6 protein chains.
Amino acid sequence: MSWLESLKTDTPEEGYELAILLSRMAVKKMQPDDDVRSRLRGVYANDADSLTMASQVVAINFQTIAQANKFWLDVS
Amino acid sequence: MSWLESLKTDTPEEGYELAILLSRMAVKKMQPDDDVRSRLRGVYANDADSLTMASQVVAINFQTIAQANKFWLDVS
Amino acid sequence: MSWLESLKTDTPEEGYELAILLSRMAVKKMQPDDDVRSRLRGVYANDADSLTMASQVVAINFQTIAQANKFWLDVS
Amino acid sequence: MSWLESLKTDTPEEGYELAILLSRMAVKKMQPDDDVRSRLRGVYANDADSLTMASQVVAINFQTIAQANKFWLDVS
Amino acid sequence: MSWLESLKTDTPEEGYELAILLSRMAVKKMQPDDDVRSRLRGVYANDADSLTMASQVVAINFQTIAQANKFWLDVS
Amino acid sequence: MSWLESLKTDTPEEGYELAILLSRMAVKKMQPDDDVRSRLRGVYANDADSLTMASQVVAINFQTIAQANKFWLDVS
């Protein structure tokens, strides 16, 4: 079972969650140690600019997923 | 009720507001503590580069939403 | 009257001006105090990297507006 | 006469030059003082990261212009 | 044999792996020394912002690859 | 003879090389002095974040070139 079976989601909100997963997966592949990532999360979660940068990665991934789902126009 | 029912908005201005919401939601999911986020807002709201970075995230999200709404061409 | 009635502009230059407006509006919504923004402008307007970052936000917004106007191909 | 009559150019190289112009124009509008910009250029032109950041803005603007010119496929 | 025969992949997950490869290849071409890159990896893998920045590059490359694969809609 | 005759390339790998060329050309136009650029290269080639930033510019340019080549789907 793949962690990324498809870019399709039923709703925009699920698409947003998938965008967050995509953003985190790159970090996980570069830093596989769970303890290190947990410690780093404590750092960036308390830094405004770090959070903004992370939000930007989510935005880029969300754009990709939204395109893949044709912006969920049939759903809305 | 989902916080993101649809990417469709009636007007460009509402689309812009939705872009801001999308930008903030990523931050909220990474830092759920309201007090911490409120404190951080006081920091970045007084730093020129922090505001520019945040404006960039809004720009990316607005691009996605504008595409979803076919740039509101029927409206204008 | 909305500050963003439409993404359509008559010319590329007007589209560029609209891109600047979009870039500034996000900052204004996060820092509504005119005096603070005026002070911050004095900071970033004298910093090369700050100006480059701000130029990048304009570039992203201009891309959106150019797409909305089908790159003004009929005009040119 | 507008500084941006059209996004159309005859060749990719001219499109690249226009991308540089777009990138610089945003800076000029935020810092209209020629002397200040000239001084800042001396700073960022000798800093690797500053140059990379500026190259990124050109890349975004070039993407827009390339799309507007349908990638100059008829030319090549 | 080219390191980049095609942008096509069978699955989204393979597309994501290709996005990581594209991101790393640019670094490799600018810093061909394996030992230096290995040392640098030890640095950025323990820095939250460095990881976020790297995740952003993957996101951009993944967008390109997803478009090339028409978002793997036939697969899903 | 132009340094950028066309965005078309025969293969994805050549497209990637062209993306690197586009990224470097902006830097060259802003810092024409070969010696200075050579010195700066020694700096950023040994800094993880600098390399990531440079990789990001390549990613954006590669997206443009991939679109221009319709993702080389006929080739693969």
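Just so we're clear, the structure is a prediction, and the values are computed from it rather than from any experiment. In what follows, every chain begins at residue 1, and chains take the letters A, B, ... in the order their sequences are listed.
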Are any non-hydrogen side-chain atoms of [X] and [Y] less than 4.5 angstrom apart?
X	Y	answer
A:Ile60	A:Gln63	no
E:Leu21	E:Leu4	no
E:Leu22	E:Ile65	yes
A:Val43	A:Asp47	no

Check: Are any side-chain N or O atoms of E:Ser55 and backbone N or O atoms of A:Ser23, one a donor and one an acceptor, separated by less than 3.5 Å?
Finding: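 Yes.
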
Tell me, side chain or backbone of A:Arg41 under 4.5 Å from chain E's heavy atoms, or both, or neither?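 Looking at A:Arg41, nothing touches chain E.
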
A:Lys70, part contacting chain E, at a heavy-atom distance under 4.5 Å =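 Only the side chain of A:Lys70 comes within 4.5 Å of chain E.
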
Proximal component of [X], with respect to chain A [non-hydrogen, under 4.5 Å]:
X	answer
E:Ala59	both
E:Glu17	side chain
E:Ile20	side chain

Report the option among E:Leu51, E:Val58, E:Val57 that has the most heavy-atom pairs separated by less than 4.5 Å from atoms of chain A.
->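 Heavy-atom pair counts peak at E:Leu51.
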
Please determine, among E:Glu13, E:Met53, E:Gln67, the option with the most heavy-atom pairs under 4.5 Å with chain A.
->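 Option with the top pair count is E:Glu13.
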
Requested in this report: Tell me, please, which residues at least two apart from E:Thr52 pass side-chain hydrogen bond (donor to acceptor under 3.5 Å, both in side chains).
Outcome: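 For E:Thr52, no residue satisfies side-chain hydrogen bond (donor to acceptor under 3.5 Å, both in side chains) once neighbours in sequence are set aside.
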
